[in-house]
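Predicted model only: the values in this text are computed from it and were never measured. Numbers here simply count residues along the sequence, with the first being 1.
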Amino acid sequence: MLTEVFQTKHNTAPFSQIKLEDYKPAFEAAITKAKAEIDAIINNPNVPTFENTIEALDYSGEAIDRLSSIFFNLNSAETCDEMQKIAQEVSPLLTAFSNDISLNEDLFKRVKSVYNQKDKLTLTTEQYTLLDKKYKSFTRNGALLSQDKKVRFREIDTELAKLKLTYGENVLAETNNYQLHITNEADLKGLPEGAKEMAASLANSKGLDGWVFTLDFPSYLPFVTYVENRELRKEIAIAAGKKAFQNNEFNNKEITLKIAKLRYERANLLGYKTHSHFVLEERMAQNPEKVKLFLNDLLEKAKPAAHREFEELTAFAAALDGIDQLQKWDGAYYSEKLKQKLFSLDDELLKPYFKLENVLNGAFSVAEKLFGITFKEVFDIDKYHNDVKTFEVLDFEEQLVAIFYADFFPRKGKRNGAWMTSFKPQYIKNDLNERPHVSIVCNFTPPTETKPSLLTFNEVTTLFHEFGHALHGMLANTTYPSLSGTSVYWDFVELPSQVMENWCYEPEALALFAKHYETGEVIPQQYVEKIKESASFLEGMATLRQLSFGLLDMAYHSNNPTEITNIKAFEKEVFEGTSLYPDVEENCMSVSFSHIFQGGYSSGYYSYKWAEVLDADAFAYFQEKGIFNKEVATKFKDNVLSKGGTELPMELYKKFRGQEPKVEALLKRAGLI
């Protein structure tokens, strides 16, 4: 069943019918099917052409891609021990299969034969991009290696696939294993009622009296932001910082180093100086030198502001509570207090205006005004958990654009954070435009017995961010699956998501959805002005923090990591130029930095800041013409959102904007100039 077209509405995944024991046999069957498709390409007696080789290759393996997306998406959003065990079993099979393709000499010969005559072929821009991408998918995956090096290459890839899984499982286990159980209400002084109610409900579900707090963001963040008891803030903050850095079976120290070293060895095998040199060849930034220049240039511009802000925060904490040295567990607490003093604005004041359903409908309204699409909730599409909402996305002619899944609340089998993903890509085959199935997964404040889900402003911008990624997937309109939607250069992928966040600060957009959940009153204008004013509050410090993560990523991946002996000491040295707070000896970020050691952000964390330059510049264009200007929105849709990775990102950006992006737009918006 899992390897065929599903007999469901819109060919959506039949989640409720899938049993865990179905997965492994399905993977084995899908691999067999994909191998047969590859064999058919190799054994084609005709001369290799773009159609019978490159195009055929891109359309092959549909069953395995679909199955992988279902399985691994659920392994992030709705996992269990059994599923993690299956993941450890099937990952090596998938890595081996992928290597079987990229190291297949006969297949590469056909691809190379087409590639060598590329100047004589009449191809569209998209076809030329696909040809280039397919050729590189072989050369960048070992096709030109000698036989003995190919063997080592396979070993490295298999080991990396397993290590990355284990790394993520350890972080999840450590997150799940911690709870702060409080029985004395006086210890919760300062904590908002909603957060207290959520903690009481969590304690109750565990058969405990009092209140329980965990390292899940909606539980952790209000605690460190509002609880007056400094010792308890310290306790939970240190617990968060030492995930996978404790002397137990979930320690990631060895695994972190192993991943970095194997990536370095893999890059060397392929003839690259470091992992970063390998990765960045296929990015807008092109090389590590350019990335470091970019990060250090921003650092130089942000540092004076960051130090000024930190001194202001320190003086404020000293005056308020006699604190002589700010620690990491004080940051969120005193930042919130200072923000309230400066802007008379806090999340508790704003949350009643940000009921989750209203915010989601607000994102839908913005998309409708900009791109002419509507969202209709449907109840006859299968879902993997009760919390998930399902929608048909339609154009103005009522034609299906996409299927959209939204999964908003934390639970035990779901990893922390927020992300967008897809269960089925968009592509055109046999004149049929296959529409995508896109999903966003978040960990927002859940409803309680007395209140609906009311979002913090940070959660509002997160929803718009992931929705921006989703639009990139949903509005895709390319011929080939591997170039569709978010299949773009990694430092371009954050543009659609980050640009969408801008609408959260605009009165015209807020009027659509920021309404009091009890009275229906639209958010008062003075609150909107304060939101805009406070948008660049402590922006220097926030920029420094982001840059520190980007620099840590580059430190691991643009150098020779075999010389690193002590992860903690290495990390401390890297953070020296960006740290404001004293170091916490028992904490280490590298061992739970899932973005770069488990996700796809290795040598790519800088891309958040890189894309901020693009998004600030892009939104400046909207502001110039009107934030719902149809002409600008259509240009953005036609040249960015629908085009996927069909041509170089800078070319697409220039077609939309008419010029290259200017870093000044970001510095101006962040209040750094």
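For the pair S607 (side chain) and W610 (backbone), a donor-acceptor distance under 3.5 Å is absent.
Between K301 and L672 there is no side-chain heavy-atom pair separated by less than 4.5 Å. Contact of the R230 side chain with the D321 side chain is not registered, since no non-hydrogen atoms from C-beta on lie closer than 4.5 Å. For the pair F316 and K341, the minimum side-chain heavy-atom distance is below 4.5 Å.
If you check the side chains of E289 and S558, you find no donor sitting under 3.5 Å from an acceptor. A donor-acceptor contact closer than 3.5 angstrom is absent between the side chains of H465 and T462.
Rounding to the nearest 0.5 angstrom, the gap separating the SG atom in C588 from the CG atom in D583 is 9.0 Å. Going from atom CG of N287 over to atom OG of S276 covers 10.0 Å, rounded to the nearest 0.5 Å. Between atom OH of residue Y220 and atom OG1 of residue T214 there is a gap of 11.5 Å, rounded to the nearest 0.5 Å. Between the CZ atom in F619 and the CG atom in L614 there is a gap of 15.0 Å [rounded to 0.5 Å]. Taking CZ of F223 as the reference point, atom OH of Y333 lies at 11.5 Å (rounded to 0.5 Å). With rounding to the nearest 0.5 angstrom, the CD atom of Q598 is 11.5 Å from the OG1 atom of T256.
Other residues, nucleotides and ligands contribute at most 12 non-hydrogen atoms within 6.0 Å of the CD atom of E300. A 6.0 Å sphere centred on CZ of R545 holds no more than 12 heavy atoms belonging to other residues, nucleotides or ligands.
E174 has no carboxylate O lying under 4.0 Å from a charged side-chain N of K242, or vice versa, which leaves the two without a salt bridge. The residues E265 and K261 are annotated as not salt-bridged, no charged nitrogen and carboxylate oxygen being separated by less than 4.0 angstrom. With respect to the salt-bridge test (charged N to carboxylate O, under 4.0 angstrom), the residues D297 and K609 do not qualify. Under a 4.0 Å N-O distance rule, the pair D157/R266 qualifies as a salt bridge. Look at K568 and E571 and you find no salt bridge, because none of the NZ, NE, NH1 or NH2 atoms lies under 4.0 Å from a carboxylate O.
Classification of the H595-F593 ring pair by plane angle, with boundaries at 30° and 60°, yields tilted. Relative orientation of the F343 and F537 rings is perpendicular, given thresholds of 30° and 60° on the angle between their planes.
Residues satisfying the side-chain contact (heavy atoms from CB on, under 4.5 Å) test with V460, not counting sequence neighbours, are F354, V359, L455, F457, F464, C504, F513.
Aromatic ring centres of Y556 and F570: separated by under 6.0 Å.
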Sequence neighbours excluded and cut-off under 3.5 Å, please list the side-chain donor-acceptor pairs for residues 572-582, or say none.
from	atom 1	to	atom 2	distance (Å)
T578	OG1	F575	O	3.2
S579	OG	F575	O	3.3

Apply side-chain contact (heavy atoms from CB on, under 4.5 Å) to the pair D407 and E78, showing each step before the final yes or no.
-> CA-CA 10 Å; D407 177 0; E78 185 59 13; over 6 Å; no

